[in-house]
Amino acid sequence: MTKKGFIFDLDGVIVDTAKYHYLAWKKLANSLDIDFTEEENEQLKGVSRVKSLEKILSWGNKTLTDEQFKGLMAAKNEDYLNHISNMDEDEILPDVPRVLQLLKEEQQAISLGSASKNARTILDQVNLKSAFDAIVDGNDVSKAKPDPEVFLIAAEQLGVNPKDCIVFEDSVAGVEAANVANMISIGIGSEDVLGHAQYVFKDFTEISDDFIKSLINN
Ligand code: BG6
Ligand code: MG
């Protein structure tokens with residue numbers, strides 16, 4: 001049996017921080033008189049902070065000076081950090097601990113592969129840091145998803161060949177990144193949005209121990 005590499009996105013996969021990103025971006029967009037819907041928010045999932053603000057500005061046909069841009073990025077993050085400062089273990093999504101525990105028992109390699117620069121803060125907040133053999137986040141990459149860089153670095157840190165890696169992702173860009181990296185992509189969310197993933201589950205409660213074991217053994 002080869003050891004497999006299991007790579008987890010963070011926001012929307014391990015914890016439901018997508019709702020806090022949404023609230024913070026919406027506040028920012030509305031302050032600029034830009035409309036911001038849940039549908040637009042979907043396009044920001046998995047997308048880096050800089051790229052997200054660029055998209056919002058383009059939707060609203062706005063241009064800013066570098067200084068204004070930086071100021072808004074900082075304001076958004078401050079607002080977001082305020083939301084996450086109240087998080088605790090209760091915000092870990094259902095059955096994520098079961099799957100992490102099973103992978104540990106099966107002695108698999110486990111990494112985080114997140115676009116967020118706040119990933120370590122969040123893992124600390126929900127007390128999950130020790131569940132990971134490697135943590136690769138927005139501070140470690142130069143190219144954002146859908147570029148596969150974040151997952152390829154994770155595979156390297158785990159010492160596992162990319163083709164033996166499995167990625168759990170809730171975003172369109174993240175599933176694309178996993179596919180480009182030649183990894184097995186597992187979408188967490190709706191089939192409508194994540195149809196390009198190899199498997200799609202609504203959430204981890206739908207992922208059985210047997211399915212995880214089949215990924216390990218195939
Ligand atoms: C991703 C989120 O995980 O991280 C995006 O899905 C977010 O919504 C991105 O913009 C960057 O996060 P942060 O915490 O560095 O602003
Ligand atoms: Mg995500």
Side-chain angles (χ1 to χ4, degrees), residues 6-29 36-59 69-87 91-93 96 99 111-126 128 132 135-151 153-154 166-179 181 183 185-190 193-194 196-197 200-204:
F6 287 83
I7 306 175
F8 292 77
D9 173 46
L10 176 67
D11 297 312
V13 169
I14 290 177
V15 282
D16 184 17
T17 37
K19 64 185 179 211
Y20 301 134
H21 279 297
Y22 173 65
L23 290 174
W25 283 131
K26 190 175 171 62
K27 183 168 158 188
L28 181 146
F36 186 67
T37 62
E38 300 233 17
E39 213 164 80
E40 279 152 347
N41 188 55
E42 198 61 47
Q43 294 179 50
L44 299 186
K45 285 187 180 170
V47 175
S48 71
R49 203 181 306 164
V50 174
K51 283 249 150 52
S52 299
L53 183 52
E54 285 171 359
K55 276 181 192 262
I56 291 173
L57 294 174
S58 78
W59 293 330
F69 191 96
K70 279 192 193 126
L72 285 181
M73 292 247 296
K76 186 270 173 178
N77 201 46
E78 200 183 308
D79 198 24
Y80 178 66
L81 285 172
N82 259 331
H83 285 294
I84 64 177
S85 66
N86 295 318
M87 286 179 78
E91 293 204 44
I92 299 172
L93 287 166
V96 168
V99 172
S111 179
L112 193 82
S114 167
S116 172
K117 294 187 169 173
N118 297 304
R120 285 176 170 82
T121 308
I122 295 171
L123 286 182
D124 273 337
Q125 196 80 31
V126 300
L128 260 193
F132 296 91
I135 295 175
V136 185
D137 67 17
N139 299 295
D140 306 307
V141 297
S142 55
K143 287 170 263 170
K145 299 172 188 176
D147 190 282
E149 185 184 19
V150 64
F151 297 142
I153 295 176
I166 297 103
V167 173
F168 297 98
E169 254 295 344
D170 71 316
S171 74
V172 173
V175 166
E176 201 178 318
N179 290 343
M183 299 177 177
S185 53
I186 303 191
I188 302 293
S190 93
V193 179
L194 304 173
H196 54 317
V200 182
F201 297 96
K202 186 170 62 60
D203 56 34
F204 281 88

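Given the structure is predicted, the values throughout are model-derived calculations rather than measurements. Numbering starts at 1 and runs along the sequence shown. Just so you know, ligand 1 is whichever comes first in the structure, and atom 1 is the first atom listed for that ligand.
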Is there a nitrogen or oxygen of [X] sitting under 3.5 Å from a nitrogen or oxygen of ligand 1?
X    : value
D9   : no
K45  : no
S116 : yes
R49  : yes
D11  : yes

Nearest-neighbour protein heavy atom for [atom], which is reported as residue plus atom name and distance:
atom                    : value
atom 15 (O) of ligand 1 : K117 N, 2.6 Å
atom 6 (O) of ligand 1  : G46 N, 2.7 Å
atom 7 (C) of ligand 1  : V47 O, 3.3 Å

Close-contact set for ligand 1 against S52 heavy atoms, below 4.0 Å:
10 (O)
Side chain proximity check, I122 to Y20, heavy atoms < 4.5 angstrom
no
Min side-chain heavy-atom separation L44-Y22 under 4.5 Å
no
If you look only at pairs with a residue in residues 48-57, which of them pass as a salt bridge (charged side-chain N to carboxylate O under 4.0 Å, His left out), with sequence neighbours excluded?
none
Under 3.5 Å donor-acceptor, H21 side chain and Y80 backbone:
no
For the Mg ion (ligand 2) the protein N, O or S atom count under 2.8 Å stands at 3
